[in-house]
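Notes to accompany the following structure.
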Amino acid sequence: MADNNPKFHLRLRNGGPLAHGRLLNERGTKNSRKFKVLAGSLARPDTAPLFHETNAASNRTREELISEGALVTSTKWPDYLEATRDITCNSASAAAEILLGRNSNGQVVWKTPEGHPLGDYIAREGWGRRRTWLVRGAHASDTDIVQRLWLTEGYVTLAATRLQRANLKQGMSKDALRRLVEDAYESTSSYSRRSQLVEAFHIFVSRMKPGDAVCTLSENGLYVGEITGPVGHVDLGPGRLNLQRQVEWRSTKHPYEELPEEVQQKLSIQHNVADITSVQAIIDGLDRSDEDLADEAQETVDGAVPALAARRELELPEPSGKLAMELLIHDAAWLREVRDLLWDERQLIFYGPPGTGKTYLAQKLAEFLGGGREQVKLVQFHPSYAYEDFFEGFRPQEDPDTRQVAFRLTASPLRELADLASSEGNRHVPHFLIIDEINRANLAKVFGELYFLLEYRNRSVRLTYSNDDFALPPNLFVIGTMNTADRSIALVDSAMRRRFAFVELSPRTEPTKGMLRRWLAAKERGTEPADLLDELNRRIPDPDFQVGPSYLMKPGVYRDGGLERTWRTKILPLLEEYHYGEDVKVEHRYGLESLRGSITPPQA
């Protein structure tokens, strides 16, 4: 009966009002369970473009309901339609499509007031495309169950020590499993542990299906097989029940340390059962050569072989002499060394005094190595910058209709870029995060558990807010900039120094030392500004406070009086702060008149 099922809610677009409905036990035309939209539910007044073509059946039903007066303009919500009676639909997805005016997955968008999706309440087995699962033998601590039983007997098991065999049924819903686990494990396991058990049991009983790939670890190696049968049960004595799936294991053992980094990241997830379909293409190709995959591609209609596409290697292009000339770098070999550091360490920091072009160089180099601006994201740290600003956190968002404010989990720059870099089709494309003024923030506070990932790129961690397992994609590189006049490089803790390679940009050395002269030569200007800057820096004893060339690489400097104006309003105030509290006459020591008197011969 319908009353045995909870009431579900559906939120309309842009934080709009709710629609309500119930899941019915009777079946629709395609054997899906019917769904009843309750009277008073609201619907979108229009439909998405091409909805009438992409989903003609739901669009036709919607138009019939409007013509019959079952959907009319709401008096309380004039911008929406309202159901004047209960509407029975062939499925939850059809109900959602009629209300939303677009294609929709009803098992996802219909949710209980507690936030559980409708899919949790439908008993089913193995739906959707082929998937890849990780199953650990960790529940058998007394012996290596993988070598002793799984590989030799051809199956995989999952301990369900407190569940009764009579209560477990093939394809049962997550909600039903949740009730079983709550009853059986309430006195012995924490809420978090019970939630993990529900996920593991649901995968094993209802989501796995014949044809799916399964992986396990043993003796520091990876074994891969294919599920060949339905879920079974093994009684091992009183209170000892194992769930079982028949598996045809491949004979090859893949050494863990030789596996691609993306696979190692997924295998480090701390769950007994986990979905690792995101690296399915890589795992499928572990036993096959490039020639085998290329032959398969020729035999397919569209030439698409995911395992072959997954082997596209990540590369950082080699900087050329042309790029060095554009960036005013003295030698392309210097750029190639920076590129090699990035390749080896994944994280790098340009440090030096103000005006040495750290941020400009970081952006231009990232755009070249990444192949465009679309692969580059820049953030700037400051003292109040936090983990929530950098990665993810709960932020207040206003409902446009009710004007009420609620906190919602929101992705921040690093999470957004990591998701983009790890998406299918992007994994061989380098992506760059530039962190400007990286030493201005409390780095341990900003990075949180991500600090670990900077050093251990082949591992994953459990996130603080979303509770997801997360790893930094291999194609995500980080370039930071650090102004040593604001905070000395010596103040960066050892953990930070271990995780980043440091490249100095200083007026004392190339490529910064001769940058202004190269810029002046390219602009066909005289060398006086470069001579003045060299003399100025010669008089500044602390290299962290020497002045970089970018102050004098702007068009305004070369208008009438521009050099004097820049010196008076930008360079001298910087040096006043440097000598604050000291008995130093800054104008006398660093003024243009004093510097010009020391240049021999004076330049026009």
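The figures here come from the full heavy-atom set of this structure, side chains too, leaving out hydrogens, waters and symmetry mates. Note that the structure is a prediction, hence the values are computed from the model and not measured.
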TODO: Any chance you could lay out the side chain to side chain contact (heavy atoms under 4.5 Å, CB included) test for R539 and L595, step after step, and finish with the verdict?
DONE: CA-CA 10 Å; R539 299 185 182 191; L595 296 174; 3.7 Å; yes

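- No side-chain heavy atom of L286 sits less than 4.5 Å from a side-chain heavy atom of V263.
- Note on R538 versus D534: no salt bridge recorded, every NZ/NE/NH1/NH2 to OD/OE distance being 4.0 Å or above.
- Between S192 and Q196 there is a side-chain heavy-atom pair separated by less than 4.5 Å.
- In this structure, SG on C215 lies 11.0 Å from CZ on R136, to the nearest 0.5 angstrom.
- Side chains of T132 and V279 form no contact here, defined as non-hydrogen atoms less than 4.5 Å apart.
- If you check the side chains of K358 and T356, you find a donor sitting under 3.5 Å from an acceptor.
- Within 6.0 Å of the CD atom in E524, the count of heavy atoms belonging to other residues, nucleotides or ligands does not exceed 12.
- Checking side-chain atoms of S550 against main-chain N and O of G357 turns up no donor-acceptor pair under 3.5 Å.
- In this structure, the separation between NZ on K364 and CD on E326 is 8.5 Å, given to the nearest 0.5 Å.
- Judged by distance alone, with hydrogens and angles left aside, the side-chain atoms of E449 form a donor-acceptor pair with the main-chain N or O of T464 at under 3.5 Å.
- The main-chain N or O of L420 is found under 3.5 Å from a side-chain atom of N426 such that the two form a donor-acceptor pair.
- One distance of note links CD of E587 with CH2 of W567; it measures 11.0 Å at 0.5 Å rounding.
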Task: Step-by-step ring pair (Phe, Tyr, Trp, His ring centres under 6.0 Å) determination, W519 to Y558 - done: CA-CA 13 Å; W519 185 83; Y558 300 94; 5.6 Å; yes

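- Side-chain atoms of Q375 never come within 3.5 Å of backbone atoms of V429 as a donor-acceptor pair (strictly under, hydrogens ignored).
- Taking the side chain as every heavy atom from C-beta outward, P117 and V108 never approach each other to under 4.5 Å.
- Checking I438, I435, T481 one by one against I349, the side chain to side chain contact (heavy atoms under 4.5 Å, CB included) holds for a single residue, I438.
- More than 12 heavy atoms of other residues, nucleotides or ligands sit less than 6.0 Å from atom CD of E564.
- Taking the six-membered ring for Trp and thresholds of 30 and 60 degrees, F470 and F391 have ring planes more than 60 degrees apart, a perpendicular arrangement.
- Summarising the geometry, atom CD belonging to E315 is positioned 9.5 Å from atom NE2 belonging to H428; distances are rounded to the nearest 0.5 Å.
- Contact of the N439 side chain with the Y351 side chain is not registered, since no non-hydrogen atoms from C-beta on lie closer than 4.5 Å.
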- [ ] Determine, stepwise, if the pair D436 / T359 fulfils side-chain hydrogen bond (donor to acceptor under 3.5 Å, both in side chains).
- [x] CA-CA 7 Å; D436 200 27; T359 304; 2.6 Å; yes

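- Between the side chain of R336 and the backbone N or O of E318, no donor-acceptor pair lies under 3.5 Å.
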- [ ] Just do the salt bridge (Lys or Arg N to Asp or Glu O under 4.0 Å) check on E261 and R457 with the steps written out, would you?
- [x] CA-CA 8 Å; E261 188 172 287; R457 282 296 196 102; 5.0 Å; no

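- Salt bridge R499/E345: absent, no basic N to carboxylate O contact under 4.0 Å.
- Residues R395 and E388 are not paired through a salt bridge, judged by the lack of any N-O separation under 4.0 Å between the basic side chain and the carboxylate.
- In the displayed structure, D344 atom CG is contacted under 6.0 Å by more than 12 heavy atoms of other residues, nucleotides or ligands.
- Using modelled atom types, one side-chain atom of S190 and one backbone atom of R193 make a donor-acceptor pair closer than 3.5 Å.
- Side-chain atoms of R129 and T277 form no donor-acceptor pair, as typed in the model, at a separation below 3.5 Å.
- Across every non-hydrogen atom of V446 and Y385, the tightest pair is CG2-O, 3.4 Å.
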TODO: Test L10 against L18 for side chain to side chain contact (heavy atoms under 4.5 Å, CB included), laying out the working first.
DONE: CA-CA 5 Å; L10 183 148; L18 293 173; over 6 Å; no

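- The main-chain N or O of H382 is never found under 3.5 Å from a side-chain atom of E437 such that the two would form a donor-acceptor pair.
- Residue L341 comes nearest to V503 through the heavy atom pair CD1-CG2, 3.8 Å, listed as atom of the first residue, atom of the second, then distance.
- Checked by atom type and distance alone, the side chain of R462 never pairs as donor or acceptor with a backbone atom of D469 at under 3.5 Å.
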Open item on the list: Apply side chain to side chain contact (heavy atoms under 4.5 Å, CB included) to residues M553 and M515 and explain how you reach the verdict.
Closed with: CA-CA 9 Å; M553 295 171 64; M515 185 171 291; 4.2 Å; yes

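- Note that CZ of R44 is 8.0 Å distant from CG of L100, once rounded to the nearest 0.5 Å.
- The two atoms that bring L369 and P430 nearest to each other are O-CG, 3.6 Å, heavy atoms only.
- For Y256, the OH atom counts as densely surrounded, since its 6.0 Å shell holds more than 12 non-hydrogen atoms of other residues, nucleotides or ligands.
- Not one N or O on the side chain of S506 forms a donor-acceptor pair closer than 3.5 Å with the backbone of G352.
- Here the side chains of R194 and Y191 are in contact, with some heavy-atom distance below 4.5 Å.
- Contact check on K513 versus E510 returns no salt bridge, with no Lys/Arg side-chain nitrogen under 4.0 Å from an Asp/Glu carboxylate oxygen.
- Ring orientation note: the planes of F432 and F477 are close to parallel, at an angle under 30° on the 30°/60° scale.
- Between the side chain of N475 and the backbone N or O of H431 there is no donor-acceptor pair closer than 3.5 Å.
- Using modelled atom types and a 3.5 Å distance limit, the side chains of S466 and E392 yield a donor-acceptor pair.
- With salt bridges taken as basic N to acidic carboxylate O contacts below 4.0 Å, none links R596 and D531.
- Shown here are the ring-ring contact (aromatic ring centres under 6.0 Å, His included) partners of F500, two or more places apart in sequence or in another chain: there are none.
- Here the side chains of R415 and L463 are in contact, with some heavy-atom distance below 4.5 Å.
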Ignoring hydrogens and angles, write down the donor-acceptor pairs under 3.5 Å from the side chains of residues 568-580, residues two or more places apart or on other chains.
from : atom 1 : to   : atom 2 : distance (Å)
T569 : OG1    : R565 : O      : 2.7
H579 : ND1    : E582 : OE1    : 3.0
H579 : NE2    : Y590 : OH     : 2.8

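- For R498, the CZ atom sits in a packed shell: over 12 heavy atoms of surrounding residues, nucleotides or ligands are nearer than 6.0 Å.
- Of all heavy-atom pairs between P353 and T484, the closest is N-OG1, 3.3 Å.
- Salt-bridge formation is not detected for the pair K266/E262: no Lys NZ or Arg NE/NH1/NH2 atom is positioned less than 4.0 Å from an Asp or Glu carboxylate oxygen.
- For the atom pair CE (M496) and OH (Y451), the distance works out to 5.5 Å, reported to the nearest 0.5 Å.
- Side-chain contact between W133 and I276 is absent, with no heavy atoms from C-beta onward closer than 4.5 Å.
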Open item on the list: V273 vs E199, test: side chain to side chain contact (heavy atoms under 4.5 Å, CB included). Steps then yes/no.
Closed with: CA-CA 8 Å; V273 183; E199 291 296 329; over 6 Å; no

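- Applying the 6.0 Å contact sphere to CD of E257 captures more than 12 heavy atoms from other residues, nucleotides or ligands.
- When all heavy atoms of A366 and I434 are compared, the pair lying nearest together is CB-CD1, 4.1 Å.
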